[in-house]
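Remarks on the structure that follows.
Throughout, a chain's letter reflects where its sequence line sits, starting with A, and its residues are numbered from 1.
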Amino acid sequence: MSVFSKGVETVAVIDFETSGLGPGSGGRATEIAAVLVRGGQIVDRFQSLMHTGVWVPPFIEQLTGISNAMLDDAPPAAEVMRELAQFTRGCPLVAHNASFDRGFWQAEMAWAGCEPDPAHEFVCTVLLARRLYADAPNCKLGTLARHFQLPDSGRAHRALADASTTAHLLLRMKQDVAERFAADLGPLAVDHAVLSCLQRSSKTALKRAVQAHAKARLGAQALLLSA
DNA sequence: TGCCAGGCCCTCTTTAGGGCCTT
C-alpha cells in the first residue's frame, strides 16, 4: 500500500490560552488543548490548565474565564507539555493564527525539556481563510464560526472550545479546497501538505500552487509504485 | 481596556508602512 492510499493522516489542532501576547514579553501558557482530526472527524481530545506561576491580568481572566485561583491547583506546565508532546507525536499541527501558538508551543516545550518533533509543522487557518474566503467579514475565529455556522463547541476563549472550532473550520476548508480544486487534485486527498502549500501561496497563485503540488505528488506516487 | 508583541500579508514600492490575528 502506498503512503497516498492509506488515508490515515492524523493532524492535531491546538489552541493555547495565555497570560499575554507572547513568551518574549513575559507571557506564559495558562491552558492548552489539542484535538486529533482523522478521516474527516475529531477522534480524540486533550485539555489541561497548566501552572507556571505566572500572574494572569484581570482583562485576561475576564476574557478567558481562567482565574489565578484556578491555576493554583493546575498541574505543572512541564508535566502537561510532556503529555501533550506524547499526545501529538508524529502529527502535523494546525492553529488559528499559528504564529501565536507556535511561539508558545516552542517556548513551553523548551521549558519542559521536550525535544522538537520534526513532524510538528504548523499550518495556519487564518492564512488559509484569507486565501479561500475573501467574502468573509473578517478572519477571526468567532466570525468564521458564525459565517459558516460551525458546530457550537462551547465557551469561546477556552482552549478546548477554540481548538474544536478550529478543527471544524479545518474540515470545512478541506471540503472547500477539494471542491474548488477538484480538477487539479484529482483523486489526491486534501492533506496537510496541500494546505501548507496553499497557505504559502499568494491569492492569485492558488491554482498554480495546487497544480504544482498535484503534479509532484503524482510523480512521487508513480516512483513508489514502480519501485 | 486597548493595542503593549510578533509574524505574516498586502500595497506600494523596491524598503517601508499599515492592517490583521492571537491572549
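- Side-chain atoms of A:L127 lie closest to B:dC9 of the nucleotides B:dT23, B:dT22, B:dC9.
- Because its NZ or CZ atom is both nearer than 6.0 Å to the ring centre of A:W111 and within 45° of the ring axis, A:R28 counts as a cation-pi partner of that residue.
- Among B:dC21, B:dC10, B:dT23, the nucleotide with an atom closest to any side-chain atom of A:R131 is B:dC10.
- Rounded to a whole Å, the CZ atom of A:F100 is 14 Å from the P atom of B:dA5.
- Residue contacts for A:E61: at a heavy-atom cut-off of 4.0 Å it reaches no nucleic acid atom on any strand shown.
- Within 4.0 Å (heavy atoms only), A:F16 reaches sugar-phosphate atoms of the nucleic acid but no base atom.
- A:D101 comes within contact range of no nucleotide atom at all, as no heavy-atom separation falls under 4.0 Å.
- Nearest nucleotide to the side chain of A:L21, out of B:dT22, B:dG7, B:dC9: B:dT22.
- In this structure, A:T30 reaches neither bases nor backbone, as no heavy-atom distance under 4.0 Å exists between it and the strands shown.
- Here the two rings, on A:F100 and A:F16, have centers that are 6.0 Å apart or farther.
- Heavy-atom distances to DNA chain B give each of A:G22 and A:P57 a nearest nucleotide, and the one nearer the 5′ end belongs to A:P57.
- A:R130 CZ to A:N138 CG: the interatomic distance, rounded to the nearest 0.5 Å, is 9.5 Å.
- Applying the 4.0 Å criterion to OP1 and OP2 of B:dC8, one finds that A:R102 has a side-chain N or O inside that range.
- Using a 4.0 Å heavy-atom cutoff across all strands shown, A:C124 reaches no nucleic acid atom at all.
- Listed nucleotides: B:dG7, B:dA5, B:dT23. Nearest to the side chain of A:S99: B:dG7.
- Judged by distance alone, with hydrogens and angles left aside, the side-chain atoms of A:E9 form a donor-acceptor pair with the main-chain N or O of A:H192 at under 3.5 Å.
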